[in-house]
Protein chains: 2
Amino acid sequence: MPRTSTKAAAPIRRLASDYRLEEQVGFLLRRAYQRASSNLVERIGSYDLTAPQYATLARLYERGALSQNLLGRLVAMEPANIRDVVLRLKKRRLVATRRDPTDKRLILIDLTATGATLVEQLIPIEIACTATTLAPLRADQRRLLYDLLSRLADG
Amino acid sequence: MPRTSTKAAAPIRRLASDYRLEEQVGFLLRRAYQRASSNLVERIGSYDLTAPQYATLARLYERGALSQNLLGRLVAMEPANIRDVVLRLKKRRLVATRRDPTDKRLILIDLTATGATLVEQLIPIEIACTATTLAPLRADQRRLLYDLLSRLADG
DNA sequence: CCGATATTGTTATGATCATAACGATATCGA
DNA sequence: TCGATATCGTTATGATCATAACAATATCGG
């Protein structure tokens, strides 16, 4: 096995040598999300679903039919993004779309029977997956994390 | 102004009606990262840099020349991803590449003088940006968040 | 020394993401 | 009523992301 390349760089003097990327919360958040997302894909990947796709299905399951735009806001996706996700789910017959008769701008999205059945299979898997992601924390720390993250997410 | 579409769906009975997407930590992490990332782009967007690009430059600033692969691991990016980021930074002459003479597999990446100067301008901006992201939290809560996120990120 | 194994980097594919510009539709206000 | 304004969805562009397959190179073990 070749050695892992940890070739030390020449010690260059830097003006802000006490700066550490690890202390930037955005970097930490990105890595923690990577971990959570890969945990999920590991478990539901056999269904060929990604985390955003699962979130979309779960939201529809919670709320019933929604306009594409509102659905996007409820899963934190821009109009251009939720559009693509809906197209993929629609291609697989997990959701169905129809025009809103009273507001011709809207496209209403809802789960198909197939989609609803799938979500019901996935929900317990996702709950177990969340437990895996949170495994390094105690119960009280998990509650605390939820509170802190919610406040960051909502600004 | 047209009303915001909050058209209530027909109240459909769901098997797991107590499930809430908000309680899934991956969803929270994704939204929190979105916030942090958009805070950063808001401040450094005028430099035409994204958060991953900034992280890459900052890491090189901290560590000096690194192989492309190791650089990728240190910014949590897959080989295929760090490659593209390096290409964009190289095109803008913010980094330079050269072959490692002793290991012909490696591509060594380092900041150019221009890149180093840019990082030195960006670091204080990024620190201020982190403060903005963390504004909803008290100092003790910020320390706690770092500890909890680090443990999640490292598994 | 030399074949098995590991690492590095590339290519290809497909899914997120954000942003800006745009037409169609809906609502508001004078 | 009707023009100004807002919302919805689409299109286009470009940057992340993950994964798998692959060639080139390096290292290890016998």
Side-chain angles (χ1 to χ4, degrees), chain A residues 1-7 26-27 30-31 33-42 45 48-56 66-73 75-92 97-109, chain B residues 1-7 26-27 30-31 33-42 45-46 48-56 66-73 75-92 97 99-109:
Chain A
M1 168 175 46
R3 60 162 168 56
T4 295
S5 173
T6 47
K7 175 184 290 290
F27 185 65
R30 175 162 150 274
R31 292 204 300 131
Y33 174 64
Q34 278 179 347
R35 169 82 57 167
S37 176
S38 90
N39 279 344
L40 184 61
V41 170
E42 228 171 70
D48 264 314
L49 279 181
T50 65
Q53 287 170 8
Y54 169 76
T56 302
L66 296 168
S67 79
Q68 181 170 290
N69 198 280
L70 177 57
L71 174 59
R73 287 199 298 274
V75 293
M77 296 179 61
E78 297 295 321
N81 304 331
I82 187 62
R83 174 184 175 272
D84 289 345
V85 171
V86 166
L87 281 179
R88 288 182 204 104
L89 296 176
K90 186 179 176 181
K91 192 174 299 178
R92 296 173 59 184
T97 64
R98 64 182 196 277
R99 283 282 170 185
D100 185 314
T102 71
D103 186 338
K104 283 186 269 187
R105 295 172 305 175
L106 305 186
I107 296 180
L108 298 180
I109 325 272
Chain B
M1 169 175 45
R3 59 161 170 61
T4 295
S5 173
T6 49
K7 176 184 289 290
F27 184 66
R30 177 162 149 272
R31 291 205 299 132
Y33 174 63
Q34 278 178 348
R35 170 81 58 169
S37 176
S38 91
N39 279 344
L40 184 62
V41 171
E42 228 171 70
S46 55
D48 264 313
L49 279 181
T50 65
Q53 285 170 8
Y54 169 77
T56 302
L66 297 168
S67 78
Q68 180 172 287
N69 196 280
L70 176 56
L71 174 59
R73 287 198 298 274
V75 293
M77 296 179 61
E78 298 296 320
N81 304 331
I82 187 63
R83 175 185 175 271
D84 289 344
V85 171
V86 165
L87 281 179
R88 289 184 204 103
L89 296 176
K90 187 180 176 181
K91 192 174 301 178
R92 296 172 58 183
T97 64
R99 283 281 171 185
D100 185 313
T102 71
D103 186 338
K104 282 187 270 188
R105 296 172 304 174
L106 304 186
I107 297 180
L108 297 181
I109 325 272

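Keep in mind that what you see is a predicted model, and the values were worked out from it rather than measured.
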Asks: Regarding A/P52, tell me which of base, sugar-phosphate or nothing describes its non-hydrogen contacts under 4.0 Å with the strands shown.
Replies: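 Sugar-phosphate contact only.
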Asks: Rounded to the nearest angstrom, tell me the gap between atom CG in A/L108 and atom P in D/dC8.
Replies: 12 Å
Asks: Roughly how bent is the helix from C/dC1-D/dG30 to C/dA30-D/dT1 end to end, in steps of 10 degrees, with each end axis from five pairs?
Replies: 30°
Asks: Let me know the distance between OH of A/Y33 and P of C/dT16, rounded to the nearest Å.
Replies: 9 Å
Asks: Pick the closest DNA chain D nucleotide for A/A80 and for A/S38 by heavy atoms, then say which residue is nearer the 5' end.
Replies: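 That would be A/A80.
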Asks: Would you indicate which nucleotide in C/dA15, D/dC17, C/dG9 comes nearest to any side-chain atom of A/R30?
Replies: D/dC17
Asks: Out of D/dC17, C/dA18, D/dG9, which has the shortest distance to the side chain of B/M77?
Replies: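 Within the option list, the nearest is D/dC17.
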Asks: Mind checking B/R99 for me? I need base, sugar-phosphate or nothing, with any heavy atom below 4.0 Å counting as a touch.
Replies: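 No contact.
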Asks: State which of C/dA26, D/dT16, C/dT16 makes the closest approach to the side chain of A/T50.
Replies: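 The listed nucleotide nearest to A/T50's side chain is C/dT16.
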Asks: Map B/V85 and B/P79 onto DNA chain D by nearest heavy atom, then report which one ends up closer to the 5' terminus.
Replies: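 Whichever sits nearer the 5' end wins; that is B/V85.
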Asks: By nearest atom, which of the nucleotides D/dA26, D/dG9, D/dA15 is closest to the B/R105 side chain?
Replies: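 Nearest to the side chain of B/R105 among the choices is D/dA26.
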Asks: Picking from D/dA18, C/dA18, C/dA26, which would you name as closest to the side chain of A/K104?
Replies: C/dA26
Asks: Of the nucleotides D/dT25, C/dG9, C/dA15, which one has an atom closest to the side chain of B/D103?
Replies: D/dT25
Asks: Any idea which of D/dA26, C/dT11, C/dT8 is nearest the B/L106 side chain?
Replies: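 Given the options D/dA26, C/dT11, C/dT8, the side chain of B/L106 is closest to C/dT8.
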Asks: Hey, is the side chain of A/R83 pairing donor to acceptor with the base of D/dT10 inside 3.5 Å?
Replies: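 Result: no qualifying N/O pair found.
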